[in-house]
Amino acid sequence: MPRPFYLESREMNLFAEIKTLVLENLNVLVTEGVLPAGLNYANVAVEPPRDALHGDMATNAAMVLAKPAKMKPRDIADALAVKLAEDPRILSADVAGPGFLNLRLDPVLWFDIVTDALSKGADFGRSNMGEGRKINVEFVSVNPTGPLHVGHTRGAVFGDALAGLLDFAGYNVTREYYINDGGAQVDVLARSAYERYREANGLEPEIVEGLYPGDYLIPVGEALKEKYGDSLIDQPESVWLEDLREFSTEMMMDLIRSDLKLLGVTMDVFFSEKSLYGTGKIEAALANLDAKGLIYEGVLPPPKGKLPDGWEAREQTLFKSTEHGDDVDRPIKKSDGGWTYFAPDIAYHYDKIERGFDELIDVLGADHGGYVKRMKAAVSALSDGKIPLDIKLCQLVRLYKNGKPFKMSKRAGTFVLLRDVVEQVGPDVTRFIMLTRKNDAPLDFDLAKALEQSKDNPVFYVQYAHARVNSVLKKAVEAGLKVDDETLANADLTLLAHPAELGLAQKLAEWPRLLETAAKTHEPHRIAFYLYELASEFHALQHLGKIEPEMRFIQPDKRAQSTARIALIRAVAVAIAAGLGILGVTPAKEMR
RNA sequence: GCACCCGUAGCUCAGCUGGAUAGAGCGCUGCCCUCCGAAGGCAGAGGUCACGCGUUCGAAUCGCGUCGGGUGCACCA
């Protein structure tokens, strides 16, 4: 059967396509004098109606334009309906309610998404939205003083999935980790490591209050013994502190890198805070701000309400962040003349800007909420408002086991390590579950449920759909059908007529659009939810075959129909694989 | 006291940046296997979208205010 002309080559975002059609016809109405010229179409939307009975798609054009055009919504809708109905893609256009225009599309249009999925494979849904713009996603950035724990895991997964999403949406993405190796916490690390070094030399370690007690420093102590023998024993701090800072930071970063690797996260850049000191970088960033008149010597007003204990007015070097949306100006130098932590942070972001990024994203823990405005102010000031900085805060992870709060009784503390979780449930499950909540909502992670093979476990449910398709493909081959993607891409999809099949195709058609929304809003969790819904529709269709045997995918005596149905479900598997791929989860070929 | 986040079904949460009768999972009720994976599916009950104003053709969604919960709040990173 020859394909209608309008299917030959086109952008596969059906929603965008129909919107274009609507806009074109609005212009026709303008040239015909029905509508006045100069209307703003910005608010015209083409969306799937909430209730499928209303049609395949709906547009609000008439209602949005009624006021500026000084016309009744229904008059516009009626005129537009006549025009749209002339297009071969539109089976019917009906005006409803206050002026909604409900469109019924040629079903072939929906099923064309199947062909698209099969021909694009893993790239199904890939978008050019980002137009190759350089975007920097900074995430994890945990102090190099120990291994990653569950809280960090969420940020790591979120950042990596967001980066994958942006890559898929056509951005040029850099994954980056900022190593806080310049502050006092590294001194603490060095001193803690020194005690472990003493321990390795057979002495009793004195891990006083304020030092890091964790076991993970024992190997550092041993490595130090390896390198220095006993030459540092009883030496003053001035002799070894600088070396141990460097040495133990290095080892901690190796530890962190290996933790990230367990999760499947790989960074493109590790940026050292230390590299900002003594290199003129901080000075350069502040000079930039100073040239804009944003640096001054002054005294901050006391906090409103209760004064903190011991508050006193001090003259400091301040950044006029209030000019860029912050609540108060922020100190960049302490009263003793040293930098505050904020100064290197400014310099770091200045460096990102200098490296030519068009957009910046910081993924932080929710406890950094107070930091958002000042950092945005800094980036706004440094880039003259040209480079947007989005800061995504990840809320806490609450760990459970069988519905009960779970705490690990580590000798050193009660926190649970990333390594412990990933080794128990695997990276795929960990990643997916971490993305089943919006980043700014707290997340419950149940270790027992994560391992469960049932629909209570969303990871399993999605994986199961993928595996089931695979299983059907195998059966089809046994039945003598050809099911390679090329054969399937040429299937006669007009044989798909059942409402459930159409519904599944419509769900598939949402994918390109959903992906762009997720990328635009920096919300990878939308993908996880979509995949769950898609899997759900697939499971329902599969089940239809149990109730109505003629709805089974494989019909032994109807090869063409079987091929069409297999093409449809193979497209589902392609979408699932593509979506999981973005999230960094491996699609399962079979469940065990 | 100030700032940010949150408040949607008994519980845990979505809600496509303003659309029509607000959705899903769990839990509860009742159904569906002579097998393409029941590791599943179908149906039912269950909601003043915290509250009040406002913006407009139209608000869970946007603005302001109130209440409730979380987080962070001067030279610490």
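Every chain is numbered from 1, with letters handed out A, B, ... down the list of sequences.
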| said: Closer than 3.5 angstrom, by distance alone: can the side chain of A/Q463 be matched with the main-chain N or O of A/T586 as a donor-acceptor pair? | reply: yes
| field | Contact nearer the 5' end of RNA chain B, comparing A/N143 with A/A535 | value | A/A535
| Geometric cation-pi criterion, A/K449 with A/Y400: 6.0 Å, 45° | no
| Would you call A/F100 stacked on B/A20, i.e. ring centres under 5.5 Å apart with the planes less than 30° off parallel? | yes
| request: For A/V64, answer base if it contacts any base atom (sugar-phosphate contacts may also be present), sugar-phosphate if it contacts only those atoms, and nothing otherwise; contact means non-hydrogen atoms under 4.0 Å. | output: base
| request: If the plane angle is over 60° it's perpendicular, under 30° parallel, otherwise tilted; pick one for A/H149 and A/H152. | output: tilted
| query | So does A/Y341 get a side-chain nitrogen or oxygen closer than 4.0 Å to the phosphate oxygens (OP1/OP2) of B/A74? | reply | no
| request: Would you classify A/I554 as touching base, sugar-phosphate or nothing, given that sugar-phosphate means primed atoms plus P, OP1 and OP2, and contacts are heavy atoms under 4.0 Å? | output: base
| request: Start with the C-alpha gap between A/R468 and A/Y464, add the side-chain angles, then the distance that decides, and say whether side-chain hydrogen bond (donor to acceptor under 3.5 Å, both in side chains) holds. | output: CA-CA 6 Å; A/R468 262 183 155 176; A/Y464 181 34; 3.3 Å; yes
| query | Counting any heavy atom closer than 4.0 Å, what does A/E452 reach on the DNA or RNA strands: base, sugar-phosphate only, or nothing? | reply | nothing
| note | Heavy-atom closest pair (A/L495 atom, A/A564 atom, distance to 0.1 Å) is CB-CB, 4.4 Å
| said: Measuring to OP1 and OP2 of B/C35, would you say a side-chain N or O of A/K546 lies under 4.0 angstrom away? | reply: no
| Quick check: does any side chain N or O of A/T487 sit under 3.5 Å from a backbone N or O of A/K482, one acting as donor and the other as acceptor? | no
| Between B/C36 and A/K474, is there an OP1 or OP2 to side-chain N/O distance shorter than 4.0 Å? | no
| With sugar-phosphate meaning primed atoms plus P, OP1 and OP2, does A/T436 contact a base, only sugar-phosphate, or nothing at under 4.0 Å between heavy atoms? | nothing
| Paired nucleotide for B/G19 [Watson-Crick or G-U wobble; both distances under 3.5 Å] | B/C57
| task | Counting heavy atoms from C-beta on, name the nucleotide in B/A20, B/A74, B/A24 closest to the side chain of A/Y532. | result | B/A24
| query | Heavy atoms under 4.0 Å, any strand shown: does A/Y461 hit a base, just sugar-phosphate, or nothing? | reply | sugar-phosphate
| So which nucleotide does B/C35 pair with, by the Watson-Crick or G-U wobble rule with both distances under 3.5 Å? | none
| Considering only B/G41, B/A20, B/A38, which nucleotide approaches the side chain of A/A540 most closely? | B/G41
| request: Hey, which sits more toward the 5' end of RNA chain B by its nearest nucleotide, A/W339 or A/E523? | output: A/E523
| said: With rounding to the nearest 0.5 angstrom, report the CG to OG1 distance, A/D329 to A/T322. | reply: 3.5 Å
| request: Measure distances between side-chain N and O atoms of A/N102 and base N and O atoms of B/A20, and say whether any donor-acceptor pair falls under 3.5 Å. | output: yes
| note | Closest of B/A77, B/C36, B/A14 to the A/H525 side chain is B/A14
For nucleotides 4-12 of chain B, tabulate all protein N/O to nucleotide N/O atom pairs closer than 3.5 Å, reporting atom names and distance.
{"unit_1": "B/U12", "atom_1": "O2'", "unit_2": "A/R437", "atom_2": "NH1", "d": "3.0"}

| query | Hey, which of A/F271, A/Y177, A/Y341, A/F342 is the one that makes ring-ring contact (aromatic ring centres under 6.0 Å, His included) with A/Y348? | reply | A/F271
| query | Of the candidate nucleotides B/A38, B/C36, B/C13, which contains the atom at the shortest distance from the side chain of A/V472? | reply | B/C36
| B/C33 glycosidic torsion: syn (within 90° of 0) vs anti | syn
| request: Give one of base, sugar-phosphate or nothing for A/T517, where a contact means two heavy atoms less than 4.0 Å apart. | output: sugar-phosphate
| said: Heavy atoms only, 4.0 Å cut-off, all strands: where does A/A184 land among base, sugar-phosphate and nothing? | reply: nothing
| said: Given B/U17, B/U71, B/G41, identify the nucleotide with an atom nearest to the side chain of A/R513. | reply: B/U17
| query | From the list B/A38, B/C42, B/A74, which nucleotide is the closest neighbour of the side chain of A/Y464? | reply | B/A38
| Nucleotide opposite B/G44 in a Watson-Crick or G-U pair, distances under 3.5 Å | B/C28
| field | Gap between atoms CG and C1', on A/L396 and B/G69 respectively (whole Å) | value | 13 Å
| query | Of all the nucleotides listed (B/A77, B/C57, B/U17), which has the minimum atom distance to the side chain of A/K67? | reply | B/C57
| note | Pairing partner of B/C4, by Watson-Crick or G-U wobble and under 3.5 Å for both distances, is B/G70
| query | Looking for any heavy atom pair under 4.0 Å, which part of the strands does A/F529 touch: base, sugar-phosphate only, or nothing? | reply | sugar-phosphate
| Reckon A/Q453 touches a base, only the sugar-phosphate, or nothing at all at heavy-atom distances under 4.0 Å? | base
| said: I'd like to check the side chain to side chain donor-acceptor pair (under 3.5 Å) partners of A/E297; sequence neighbours left out, ordered by chain and number. | reply: A/T317
| Under 3.5 Å, is there an N or O donor on one side and an acceptor on the other linking the side chain of A/H543 and the base of B/G40? | yes
| field | Distance-only donor-acceptor test, A/R314 side-chain atoms vs B/A74 base atoms, 3.5 Å | value | yes
| message | Quick check for you: among B/C35, B/U17, B/A20, whose closest atom lies nearest to any side-chain atom of A/E47? | response | B/U17
| request: Give a yes/no verdict on a cation-pi contact between A/R565 and A/F553, requiring under 6.0 Å between NZ or CZ and the six-membered ring centre and an angle within 45° of the axis. | output: no
